[in-house]
Asker: 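Submitted below is the structure of interest, expressed as structure tokens.
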Amino acid sequence: MRIEVFDTPDALAAGAADLLTVLLNEGATTFGLAGGSTPRAAYRELQSRDVPWDRLTCWFPDERWVPPEDPDANLLMARRSLLDHVPVRFIAPDTTLEDPAVAASVYETALDGEFTDGPGVVLLGMGDDGHTASLFPGTGALTVTRPAYVANWVPQFNTWRLTATVPLLQRASSIVFLVGGGSKANVLRRILVDDEPLPARVVAAGDADVTWLLDRDAAAEL
Ligand code: 6PG
């Protein structure tokens with residue numbers, strides 16, 4: 001496991017684009033796109049990098065249970081900051097289906113056809129509670145081994161989420177955690193210093209090659 005700290009959010013975004021460009025040129029055929037807000041700047045940086053987009057399929061380790069055009073949709077964020085600006089194929093959960101469990105099952109089947117021996121390069125964020133993707137502490141998805149992609153009720157937000165499970169994420173060849181901001185400093189210490197088994201730490205404990213990319217504020221307690 002590697003940790004790299006950057007002085008500013010802009011340097012973090014550029015550093016993430018640099019690392020992802022290297023990783024995506026090493027033969028991966030899939031690229032998992034983190035949701036939330038942190039990746040936005042890194043996705044914009046990636047637009048101009050030398051990435052073999054014609055060889056890649058992008059997918060979503062998690063999605064909110066909202067319409068595709070909803071401002072909260074990870075798909076919309078990724079389209080605006082990357083996918084609509086580069087010639088890449090992407091597959092996203094269909095959040096217009098009748099219910100989240102059906103959407104998760106349909107999406108899992110679609111992903112099955114993409115992963116040869118597992119996801120390739122996966123970018124993940126982390127919340128200040130240690131969640132990653134939509135694997136929130138204390139939620140049901142955390143203990144699911146099969147299927148690989150599920151609907152997860154998140155009482156913290158009183159909402160459904162769709163998420164890859166721990167075993168699926170752990171099968172990635174490379175996982176890059178992109179974490180910025182002082183609000184993440186305490187939970188990063190709990191995970192990287194105290195080894196507390198919060199969801200992001202559990203996902204990082206699989207076979208994947210894991211790199212943590214942090215800005216100085218997020219790394220303040222390390
Ligand atoms: C989501 C993400 C989630 C995100 C973290 C960090 O759907 O929100 O997949 O896991 O990465 O919540 O979000 P920020 O980057 O906005 O802090």
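Both ligands and their constituent atoms are indexed starting at 1 by order of listing.
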Asker: Measuring from atom CH2 of Trp65 to atom CG of Asn152, what distance do you get when rounded to the nearest 0.5 angstrom?
Answerer: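 These two atoms lie 13.5 Å from each other.
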Asker: Is the backbone N or O of Ala200 less than 3.5 Å from a side-chain atom of His131, with the two atoms forming a donor-acceptor pair by type?
Answerer: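 No, His131 side chain to Ala200 backbone: no donor-acceptor pair under 3.5 Å.
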Asker: CG of Leu75 to CG of Leu83: how many Å apart, nearest 0.5 Å?
Answerer: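 Taking CG in Leu75 and CG in Leu83, the distance rounds to 7.0 Å.
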Asker: With heavy-atom distances below 4.5 Å as the criterion, would you say the side chains of Leu123 and Tyr43 are in contact?
Answerer: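 Answer yes - side chains close enough.
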Asker: Look at the side chain of Ser81 and the backbone N and O of Arg44, then say whether any donor-acceptor pair between them is shorter than 3.5 Å.
Answerer: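 Absent.
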Asker: Donor-acceptor pair, distance only, cut-off 3.5 Å: does the side chain of Arg171 make one with the backbone of Pro167?
Answerer: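 No, because the side chain of Arg171 does not come within donor-acceptor range (under 3.5 Å) of the backbone of Pro167.
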Asker: Quick one, list the residues around ligand 1 where some non-hydrogen atom comes in under 4.0 Å, by chain and residue number.
Answerer: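 Around ligand 1, where the cutoff is 4.0 Å for heavy atoms, the contacting residues are Gly35, Gly36, Ser37, Thr38, Asp62, Arg64, Asn74, Gly125, Met126, Gly127, His131, Thr132, Ala133, Arg161, Lys184.
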